[in-house]
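Heavy-atom basis, side chains included; hydrogens, waters and symmetry copies ignored. Whatever order the structure lists ligands and atoms in, that order sets their numbers, starting from 1.
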Amino acid sequence: MWRNSVNLSSNLLSLSKSNHNQSFFLSSNPLRSAIIFAGHGVRGGVSQTQLHSSSGEFPSSVSSLKLGFEKSEGERAFKFSSSAAVVGPSVATTAALAKAKDVAEAFRHYGRCYWELSKARLSMLVVLTSGAGFVLGSGTAIDVAGLCWTCTGTMMVAASASSLNQVFEKNNDARMKRTRQRPLPSGRISLPHAAIWASTIGVTGTTLLACKANMLAAGLAASNLALYAFLYTPLKQIHPVNTWVGAIVGAIPPLLGWAAASGQVSLNAMILPAALYFWQLPHFMALAYLCRKDYADGGFRMFSLADPSGQRTSLVALRNCLYLLPLGYLAYDWGITSGWFCLESTLLTLFMTAGAVSFVRDRTAKNARRMFHGSLLYLPVFMSGMLFHRLTDNQQDLTETNPVRLATETQVHESEGDCYLAKPRRGSSIGIQSRPPVAYASVAPFPFLPAPVYANSDV
Ligand SMILES: CC(C)=CCC/C(C)=C/CC/C(C)=C/COP(=O)(O)OP(=O)(O)O
């Protein structure tokens, strides 16, 4: 590290417009500095210039630099007068470096503020759920570009929702240990700046979804933003029902993804949203129990506040774990995944339920934390399992319309370690076709015989 300090005319460079004898100061605000530099066709006049350097860094702010300039018509170059010819370029370099450093610092500072305002890790989880919904809602081929656009749009709208949430909760966040270091309560960014950031990315993300996915996906994203920022957020200070409203907010992104891929929402689009809805209750009940003092300090009316013993909180968590149990079977029954997912999902849910049972029986912080960590594990495993065992339309097609091919391909897949025996996807035109009895008969006892093809099976 080394320090350059510029010592010009009693440590100041005088920046003046010769016509008006007006001084300009290079602001520590990089934007202002940039505007000052870019906005004037100037010739720099520097006198009694002296440079000295000692160990350390560049001055973090150049606000103490005062340069003398003569305005020169049409000349945009940053030029020094001849009296400064010897040291001029060094001074220019130093000033430019200081300015660049200021700009870089501003980028870092605001970048970090935007990252925190966006609750970036939560928003990325939201994007994962939306991406998973997109893949599940895709037929046979996944539109990768569409997936990327959907994820980008979802990220922007989710970031906007989280930023608005912090704009509205600035004072509450200031009173909570967990949140008082956030950009707004800590004063690192102003309220209007945060609001402008939130609005800009919200509008951009929604527009992106409307243009690159479809209006249904954009509508779901915008409605979800409104639900989170304008209903859930104020409800947190009014009524414990907020957790259930928040669970709806968390459940919508996979539906958004499905809608972006397929242009519609149907019953079989609901498995992942339902999983997210029920999953959030044990997750947030554990959090609300562990942080109940903090929430009370912040003025939030969480369910756990009115339940000092934690009994009702733990029962809500357990009940919602149990609601997760049938989802694996439904995913299989509705033709979304193979039977393996039914098995895996059931085991996984039983694992999380065991955590909830321990919490019900012994309501300690340790058990609440265990249930919380179990919930953290649950979601990625559940989603990965669902994606891994998902059935494409072609695979579902095999189950109903071409049993011979099904039998053959099932053998192939069984030998590969995964059998995708599945029921037809509900609501799919493939799944509801009925086949003439002879077609069934051709499978067994003579599976090698081709099934007769009927031009119109209704006849
Ligand atoms: C597409 C779109 C708009 C998606 C939005 C998804 C989203 C933001 C989900 C968050 C769900 C939720 C209840 C979080 C907790 O917020 P909190 O306010 O209780 O958290 P805090 O106490 O940490 O502020």
| message | Heavy atoms only, cut-off 4.0 Å: how does F300 contact ligand 1, side chain, backbone, both, or neither? | response | neither
| Side chain, backbone, both or neither: K119 near ligand 1, heavy atoms under 4.0 Å | side chain
Quick check: does [X] get an N/O under 3.5 Å from an N/O on ligand 1?
X    : value
Q280 : no
T154 : no
N224 : no

Protein heavy-atom partner closest to [atom] - residue, atom, separation in Å:
atom                    : result
atom 9 (C) of ligand 1  : V249 CG1, 3.8 Å
atom 6 (C) of ligand 1  : V126 CG2, 3.7 Å
atom 22 (O) of ligand 1 : R178 NH2, 2.8 Å
atom 8 (C) of ligand 1  : Y228 CE2, 3.8 Å

| Should you measure from each heavy atom of N165, which atoms of ligand 1 turn up under 4.0 Å away? |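 Atoms satisfying the 4.0 Å criterion: 18 (O), 24 (O).
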| field | Atom indices of ligand 1 within 4.0 angstrom of L225 heavy atoms, with elements | value | 3 (C)
| request: Answer yes if the ring centres of Y378 and F351 are under 6.0 angstrom apart, and no otherwise. | output: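 Here the rings of F351 and Y378 have centres that are no less than 6.0 Å from each other.
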| request: Assess the pair F303 and W244: is the distance between their ring centroids shorter than 6.0 Å? | output: yes
| Going through the checks in order, is the ring pair (Phe, Tyr, Trp, His ring centres under 6.0 Å) test met by F341 and F388? | CA-CA 8 Å; F341 177 68; F388 187 72; over 10 Å; no
| Side chains of S375 and H283, donor plus acceptor under 3.5 Å |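 Indeed, the side chains of S375 and H283 share at least one donor-acceptor pair under 3.5 Å.
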| message | Ignoring hydrogens and geometry beyond distance, is a side-chain donor-acceptor pair present between N165 and K119 at under 3.5 Å? | response |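 Note: N165 and K119 side chains meet the donor-acceptor criterion.
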State if [X] counts as touching ligand 1 under the rule of any non-hydrogen atom under 4.0 Å.
X    : answer
K236 : yes
R182 : yes
Y232 : yes

| In this structure, which one of L272, I271, N268 forms a side-chain contact (heavy atoms from CB on, under 4.5 Å) with W258? |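 Exactly one pass, corresponding to N268.
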| query | Does P185 offer a backbone N or O that forms a donor-acceptor pair with the side chain of D173 under 3.5 Å? | reply |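 Such a contact is absent between D173 side chain and P185 backbone.
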| said: Counting only heavy atoms from other residues, nucleotides and ligands, does the tally under 6.0 Å from CZ of R361 exceed 12? | reply: no
| said: Cation-pi check for Y289 against R292: NZ or CZ below 6.0 Å from the six-membered ring centre and within 45 degrees of the axis, yes or no? | reply: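 Satisfied, under 6.0 Å and within 45°.
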